[in-house]
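Letters A, B, ... are given to chains in the order of the sequence lines, protein chains preceding strands, and every chain is numbered from 1.
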Amino acid sequence: MSSGHEAAFWADEEVKLLQPGRPHVVRDSKTPSGPVPISGLRGPIISDALFRTFKANALDVRFVYTIDDYDPMDSQSMKERAGMAAHMGKPLCMIPSPDPSVGTDFADYHATRFIALFAGLGITPEFHRMRDLYRSGALDKQIDLVLRNAETIRAIHKRVANVDHPEGWLPVAVICENCGRIGTTLATDYDGTTVAYECKPDYVEWAKGCGHKGRLAPFKGNAKLLWNEQWCAQWDHFGVTYEEGGKDLLTAGGSRERSNEIYREVWKRDPPPGLQHEFFTFGGKKMASSKGIGAEAVEIVAIYPPEVVRFLMLRTHPKRHLEFDPAGMTLPRLMDEYDRAADAYRGDEESDLGKTWRLSQVSPTPDAPGFRIRFTTVASWLQIPSIKPEAEAEKEKGARLTDAELRDLHRRVELARAWLERWAPDEAKFEVLERTPDVELTPEQRRYLSAIRALIGTVHDAGEMQNQLYEAAKQVGLLDAKGNPSQDAFAAIYLAFLGKPNGPRAGWLLLSIDPELVRRRLDELGRAP
RNA sequence: GGGCCAGUAGCUCAGCGGUAGAGCAGGAGACUCUUAAUCUCUUGGUCGUGGGUUCGAAUCCCUCCUGGCUCACCA
């Protein structure tokens, strides 16, 4: 418990918001209107971390995740795609799937792709689809309540958000019986059983209604509540007591505030509390799913180990914005920090960083972290063909790796491979040059390169090679002020083969290159120019 | 225009009322194997600005500046 860290960890702070001795429900949701950027995982991972923390604090809690697949297609970026224009305004679950082998319809396709990531990340909520809730009539009671209080709700929209809906407006969207659109209909005149509606051509900018007028019962899936009212209906239906969210929704005068007011006035209940999380930025700019490398959640999760994805989301307080650009040194930094968190956990499980490490694990009850190799070291190893990571790691540990450690190593190897290929800056990469580079060498350096030629093909152990290189430098007289071999000696090797003055340990490097090439190169550069 | 977040060592950030911290980078040294290897030590900041509260503020309050995001239609 008390460990000297009295400043409360953010997740522990949230525990105080929940009343003990009664059931609790944490909720999160996603509208499956397209590919989800990596930033879309921040909410689910935060919610899951809180869910775990609540449970760990002996609260009776469920985690509910809803898929808002009855919402209308209104995404501008989608409208420009081939074949999509005709579907604008239809419920997401009534639009054809881009790939039927993945999902049965548009919503199912995108939801499936996204949700498929959850289990691997250790996120295990109950999933509910809005289409099922509506069609089964599970929300009919709430729909009726909303319709009977339409005037009150209209006033709240006006007061809280300054949104003026026409008189007689009802906060439901009927699915047009003629064209199937749900985003274009205006409903009026609830008589306790049915509503009148009109599918208006110019009701919204992003879709064109067909002009049909009709009357039907807005239950059993014939209609859906508008966003704010649907939110309340879900809180009511599931008994939600905690819900965090992005700041796009939780801003003053924003959507959540409208829903909160409606819940208070119409349902006569307090809305659930919840953190407002900040967004990701990508290179200082807002992350866009459509463009930008590595921005899609599916892609990052395929490459990053799950605990690293969780750690990325949890190490920064939810209320702070998170800069994430997979390119460059982002990943090595993240991995170093992750390792530090593991050390913190070993030192004190209840330290903030220790807690963050634990919440980052896929299992809520993880084993203690074991021996691991620093990420940048693994990345270097990969670029020296003669190094076998497993053997090298065992040498470094001084003992056999456990199964878990071996798995961790392999994951790091895969991650480093992807990083080198896609994101690493040039400084982190080296490559043996096929052709002799045009480099400046001193006469001593040239003598040195000539001197080590004899080692090639005769010394086969990398460690021994390293020693011999060292000795050769002494013999040639490449010494620094203290009589030790100077940096110039090794720089000559790096320049000769990599074209830059530094690189991986020279003994290992030389042995990993074809001996013929090494001899030729040494001959060529060993001569006076 | 409303809201949120940030501005602390070269870089990334932690600290959030009690004599300025970490990692990396930089510097020095050790290991009779240089390094992007290990270990030890170390340089470096008047904590964005101006006020206020306090015995005492990076830390609380107010002003302002800078940068970013977000809502002002729908979801």
- By ring pair (Phe, Tyr, Trp, His ring centres under 6.0 Å), A:Y345 pairs with (sequence neighbours left out) A:W357

- Same-atom distance (C1') from B:G48 to B:G7, integer angstrom: 6 Å

Using a 3.5 Å cut-off and no angle test, enumerate the donor-acceptor pairs between side-chain atoms of residues 162-171 of chain A and protein atoms at least two apart in sequence or in another chain.
| residue | atom | partner | partner atom | Å |
| --- | --- | --- | --- | --- |
| A:N162 | OD1 | A:K158 | NZ | 3.4 |
| A:D164 | OD2 | A:K158 | NZ | 3.4 |
| A:H165 | ND1 | A:W169 | NE1 | 3.4 |

- Task: Could you check A:V204 against A:A252 and say which one's nearest nucleotide on RNA chain B is further toward the 5' end?
- Result: A:A252

- Query: If the P atom of B:C4 is compared with that of B:C62, how far apart are they to the nearest Å?
  - Reply: 11 Å

- Message: Could you work out, with side-chain hydrogen bond (donor to acceptor under 3.5 Å, both in side chains) as the rule, every residue matching A:R417, not counting sequence neighbours?
- Response: none

- Task: May I ask you to say what A:E205 touches in the nucleic acid, namely base, sugar-phosphate or nothing, with a heavy-atom cut-off under 4.0 Å?
- Result: nothing

- Message: When the C1' atoms of B:G52 and B:C13 are compared, how many Å lie between them, rounded to an integer?
- Response: 29 Å

- Counting any heavy atom closer than 4.0 Å, what does A:K247 reach on the DNA or RNA strands: base, sugar-phosphate only, or nothing? base

- Assign A:T316 to base, sugar-phosphate, or nothing according to its heavy-atom contacts below 4.0 angstrom with the strands shown. nothing

- Which of the following nucleotides, B:C5, B:C33, B:G3, is nearest to the side chain of A:K319? B:C5

- Task: When you get a sec, tell me which of B:A75, B:A6, B:G3 is the closest nucleotide to the side chain of A:R320?
- Result: B:A6

- Query: Between atom CD in A:E278 and atom P in B:U70, what is the gap in whole Å?
  - Reply: 9 Å

- For A:D248 and B:C73, give me the distance from atom CG to atom P, rounded to whole Å. 15 Å

Pairs under 3.5 Å (N/O, protein and nucleotides 22-27 of chain B):
| residue | atom | partner | partner atom | Å |
| --- | --- | --- | --- | --- |
| B:G23 | O2' | A:R340 | NH2 | 2.6 |

- Query: CG of A:D164 versus P of B:C73: gap in Å, rounded?
  - Reply: 11 Å

- Message: Can you check the distance between B:U63 and B:C71, where both ends of the measurement are the P atom (answer in whole Å)?
- Response: 25 Å

- Taken to the nearest whole Å, CG/A:L334 to P/B:C13 is 12 Å

- Between A:K355 and A:D352, is there a salt bridge with N-O shorter than 4.0 Å? no

- Item | Set of side-chain hydrogen bond (donor to acceptor under 3.5 Å, both in side chains) partners for A:E349, sequence neighbours left out | none

- Task: Using the C1' atom as the reference point in each nucleotide, state the distance between B:A57 and B:G18 in Å, no decimals.
- Result: 9 Å

- Query: Using atom C1' of each nucleotide, how far apart are B:G21 and B:A14 to the nearest Å?
  - Reply: 7 Å

- Which nucleotide in the list B:A75, B:C71, B:C69 gets nearest to the side chain of A:T251? B:C71

- Task: Tell me yes or no: between the side chains of A:T330 and A:D325, is some donor less than 3.5 Å from an acceptor?
- Result: no

- Message: Side-chain N or O of A:R256 versus OP1/OP2 of B:G3: is the shortest distance under 4.0 Å?
- Response: no

- Message: Within the supplied structure, the quantity of interest is the number of heavy atoms (other residues, nucleotides, ligands) at a distance under 6.0 Å from A:E205 CD; does it exceed 12?
- Response: no

- Output yes when A:D71 and A:K224 qualify as a salt bridge under the 4.0 Å nitrogen-oxygen rule, no when they do not. yes

- For A:A506, which contact category applies under a 4.0 Å heavy-atom criterion: base, sugar-phosphate, or nothing? base

- Message: What's the gap between B:G67 and B:A30 when it is taken at their C1' atoms, as a whole Å value?
- Response: 45 Å

- Note on the structure: Stems of at least 3 consecutive Watson-Crick or G-U wobble pairs (donor-acceptor distances under 3.5 Å) involving RNA chain B, listed by first number, are B:1-7 with B:65-71, B:10-13 with B:21-24, B:26-30 with B:38-42, B:50-52 with B:60-62

- When all nucleic acid strands are considered with a 4.0 Å heavy-atom cut-off, which category describes A:H157: base, sugar-phosphate, or nothing? nothing

- Query: Rounded to the Å, how far apart are A:D71 CG and B:A75 C1'?
  - Reply: 6 Å

- Side-chain donor-acceptor contact under 3.5 Å, A:T66 with A:Q234: yes

- Message: Without decimals, in angstroms, what is the distance between A:Q276 CD and B:C69 C1'?
- Response: 11 Å

- Query: What is the distance from NE2 of A:H277 to C1' of B:G68, rounded to the nearest Å?
  - Reply: 16 Å

- Message: What is the distance, to the nearest angstrom, from the CZ atom on A:F324 to the C1' atom on B:U12?
- Response: 15 Å

- Query: Quantified in whole Å, what is the C1' atom distance between nucleotide B:G26 and nucleotide B:U32?
  - Reply: 28 Å

- Query: Under 3.5 Å, is there a donor-acceptor pair between the A:H277 and A:E244 side chains?
  - Reply: yes

- Task: Give one of base, sugar-phosphate or nothing for A:L249, where a contact means two heavy atoms less than 4.0 Å apart.
- Result: base

- Would you classify A:T31 as touching base, sugar-phosphate or nothing, given that sugar-phosphate means primed atoms plus P, OP1 and OP2, and contacts are heavy atoms under 4.0 Å? sugar-phosphate

- Message: Counting the benzene-type ring for Trp, do A:W419 and A:F375 have ring centres under 6.0 Å apart?
- Response: yes

- Among B:G68, B:A75, B:U70, which nucleotide sits nearest the side chain of A:R258? B:A75

- Message: With side chain to side chain contact (heavy atoms under 4.5 Å, CB included) as the criterion, how do A:I95 and A:Y109 come out once you've worked through the C-alpha distance, each side chain's angles and the decisive distance to 0.1 Å?
- Response: CA-CA 10 Å; A:I95 296 171; A:Y109 171 83; over 6 Å; no

